[in-house]
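Computed over heavy atoms, backbone and side chain alike; hydrogens, waters and symmetry mates excluded.
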Amino acid sequence: MAKIAMKTPIVEMDGDEMTRILWRWIKEDLILPYVDLKTEYYDLGLSSRDSTDDRITVEAANANKKYGVGVKCATITPNAQRVEEYHLKQMWKSPNGTIRRILDGTVFRAPILAKGITPYVPGWKKPIVLARHAYGDVYSGVETKTAEGDKAYLVVEDEKGNVKEKLLIHDFQSGAGIVQGMHNMDASIKSFARSCFNYALDVKMPLWFATKDTISKKYDHRFKDIFAEIFEKEYKEKFAAAGLEYMYTLIDDAVARVMRSEGGILWACKNYDGDVMSDMVATAYGSLGLMSSVLVSPDGNYEFEAAHGTVTRHYYKHLKGEETSTNSVATIFAWTGALAKRGELDGLVPLVEFAKKLESATVRTIEEGEMTGDLLPLFHAEGVTPKKLNSREFLKAVASRLQ
């Protein structure tokens, strides 16, 4: 069979540890036999980022802007222990944060549903899609330690350097501490709002947006006001015509409402809230390995990724030659999402169809009782006895159904 030809490259961003191993296997077993894969490759493994002083991450993000579609493997965001382990020059920032800042988009994460995998929250009958603002806040924050007796201020200057405002954050006269500053941009919040409203209309889901404006009366309240203004001016009639609801509420109230809902909601969150809540939602649906993730920028760029980490424990078992049973579904769906979008943008119907068939084969493998170890305790289907497969065996089982 002739391989499917591609017109435009996908930006391929390789990653770290066990997901890097899975990345290579997915290409070998599931993509390269069928697609004449065209990518512009960037190694975002931690050692590569360190050797290039993290320039490789910026280059990958700019390439994503150039070509419009990227696919990213999970990567390590180093802490102090990782700096020592990898002998790093410094504690590099999150590559995801860097890419999101450059693309200025919204991350949409949705559960990958398979019959037999029952959510931990029994009332959830429909998907909960989480929209995460992908710019600013703590991810591009500035922070430092303070000594006893220090005073920390928030200072705003005009373009000529004149102090417009100087606010005391804290007087550390009673002891040392820490201080942090963060920011956001009206333009980015507006892009976030429009992305969420448009996505809600596309998938026909009610939209809930939540912050903590009762405490953060300027920062979070700005998000609330911008969403309200854009909804009233641009989307109120569209939502009414589609029979959809837009609701703003506090983040703690949103959590309570989500837990007692049946799902079927698009839940929009600020950057940090979305980071935390997406893992909660993914795990509650069964596994972090069953969650798709795409970053959508306002100018039409897409970056697909797995919504989980690098599976460190399995990686060190793999290095010792021990068998692992690592869930690769989210990484497969990162590739299928990128291939489908590339095919859609280039008018390549066979590439779109291939991506959908690979997704179907992946889900069908689980539904027919073959899966990795993390899913085994969650699977309950009448007449189906689940079988645990190791990491490569699962990919081979998907490949057999794809064939």
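- Remark: the backbone N or O of A147 is paired with a side-chain donor or acceptor of D150 at under 3.5 angstrom.
- Salt-bridge formation is not detected for the pair E157/K164: no Lys NZ or Arg NE/NH1/NH2 atom is positioned less than 4.0 Å from an Asp or Glu carboxylate oxygen.
- Of the possible polar contacts, one joining the T362 side chain to the L358 backbone as a donor-acceptor pair under 3.5 Å is found.
- Residues D220 and K212 share a closest heavy-atom pair of OD2-N, 2.9 Å.
- By the 4.0 Å N-to-carboxylate-O rule, E28 lies close enough to R392 to be salt-bridged with it.
- Under a 3.5 Å cut-off, the side chain of T310 and the backbone N or O of A74 do not form any donor-acceptor pair.
- With contacts defined as side-chain heavy-atom distances shorter than 4.5 Å, the pair L244/L201 qualifies.
- The pair K66-E40 does not count as a salt bridge, with every side-chain nitrogen at least 4.0 angstrom from each carboxylate oxygen.
- Between R82 and E17 there is a salt bridge, since a side-chain N of the basic residue sits under 4.0 Å from a carboxylate O of the acidic one.
- When atom types are taken as modelled, the side chain of R24 and the backbone of R20 share no donor-acceptor pair closer than 3.5 angstrom.
- A heavy-atom distance below 4.5 Å is not found between the side chains of M205 and I265.
- Each of I169, T144, V138 was evaluated against Q180; a single residue qualifies, V138, per the side-chain contact (heavy atoms from CB on, under 4.5 Å) test.
- Applying the salt bridge (Lys or Arg N to Asp or Glu O under 4.0 Å) rule to pairs touching residues 99-124 yields R100-E305, R109-E305, sequence neighbours excluded.
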Salt bridge (charged side-chain N to carboxylate O under 4.0 Å, His left out) between R194 and E234, worked out: CA-CA 9 Å; R194 290 190 176 98; E234 302 176 28; 2.8 Å; yes
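- S391 and T324 form a side-chain donor-acceptor contact under 3.5 Å, judged by distance and modelled atom types alone.
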When you look at F231 and F239, which way does the ring-ring contact (aromatic ring centres under 6.0 Å, His included) test go after all the steps? CA-CA 9 Å; F231 179 72; F239 268 58; 5.4 Å; yes
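- A donor-acceptor pair under 3.5 Å is absent between the side-chain atoms of N184 and the main chain of I189, judged by distance alone.
- Between the side chain of S400 and the backbone N or O of A397, at least one donor-acceptor pair lies under 3.5 Å.
- The pair R342-D346 meets the salt-bridge criterion, with a side-chain N (NZ, NE, NH1 or NH2) lying under 4.0 Å from an Asp/Glu carboxylate O.
- The existence of a salt bridge linking R401 and E368 is confirmed by a sub-4.0 Å separation between a basic side-chain nitrogen and an acidic carboxylate oxygen.
- Between the side chains of N96 and S94, no donor N or O sits under 3.5 Å from an acceptor N or O.
- In this view, K357 and L402 satisfy the side-chain contact (heavy atoms from CB on, under 4.5 Å) rule, not counting sequence neighbours.
- Each of Y235, Y248, F197 was checked for a ring-ring contact (aromatic ring centres under 6.0 Å, His included) with F227, and the lone residue meeting it is F197.
- A cation-pi arrangement, defined by a distance under 6.0 Å to the six-membered ring centre and an angle within 45 degrees of its axis, is absent between K224 and F209.
- Proximity of a side-chain donor or acceptor of S51 to a complementary backbone N or O of S48 within less than 3.5 Å is detected.
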Check the pair C196 / F192 against side chain to side chain contact (heavy atoms under 4.5 Å, CB included), numbers first and verdict last. CA-CA 6 Å; C196 292; F192 173 45; 3.4 Å; yes
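- Using bins of under 30°, 30° to 60° and over 60° for the plane-to-plane angle, the ring pair H170/F172 lands in the perpendicular bin.
- For W335 and F304, the gap between ring centers reaches or exceeds 6.0 Å.
- The backbone N or O of A254 sits nowhere less than 3.5 Å from a side-chain atom of T249 that would complete a donor-acceptor pair.
- Note on residues 133-147: no pairs pass salt bridge (Lys or Arg N to Asp or Glu O under 4.0 Å), not counting sequence neighbours.
- Counting heavy atoms from C-beta on, the side chains of T211 and Y219 never come closer than 4.5 Å.
- A cation-pi arrangement, defined by a distance under 6.0 Å to the six-membered ring centre and an angle within 45 degrees of its axis, is present between R132 and Y139.
- Side chain to side chain, N301 and N64 fail the donor-acceptor criterion of an N or O pair below 3.5 Å.
- Between the side chains of D54 and T57, at least one donor N or O sits under 3.5 Å from an acceptor N or O.
- Both cation-pi conditions hold for K341 and Y302: the charged atom is under 6.0 angstrom from the six-membered ring centre and inside a 45 degree cone around its axis.
- A donor-acceptor contact shorter than 3.5 Å links the side chain of K125 to the backbone of P122.
- Within 6.0 Å of atom NZ in K3, more than 12 heavy atoms from other residues, nucleotides or ligands are found, so the atom counts as buried in its surroundings.
- Side chains of D14 and L44 form no contact here, defined as non-hydrogen atoms less than 4.5 Å apart.
- Residues T365 and E370 bring no donor and acceptor atom of their side chains to less than 3.5 Å of each other.
- Taking 4.5 Å as the limit, some side-chain heavy atom of L22 sits within range of a side-chain heavy atom of S328.
- Between the N271 side chain and the G136 main chain, a donor and an acceptor come within less than 3.5 Å of each other.
- Residues L154 and K166 have side chains not in contact (no heavy-atom distance under 4.5 Å, counting atoms from C-beta outward).
- A centroid separation of less than 6.0 Å is found between the aromatic rings of F223 and H133.
- Using a cutoff of 4.0 Å between basic side-chain nitrogens and carboxylate oxygens, R222 and D213 are not scored as salt-bridged.
- E303 and K72 are not joined by a salt bridge, as no carboxylate oxygen comes within less than 4.0 angstrom of a charged side-chain nitrogen.
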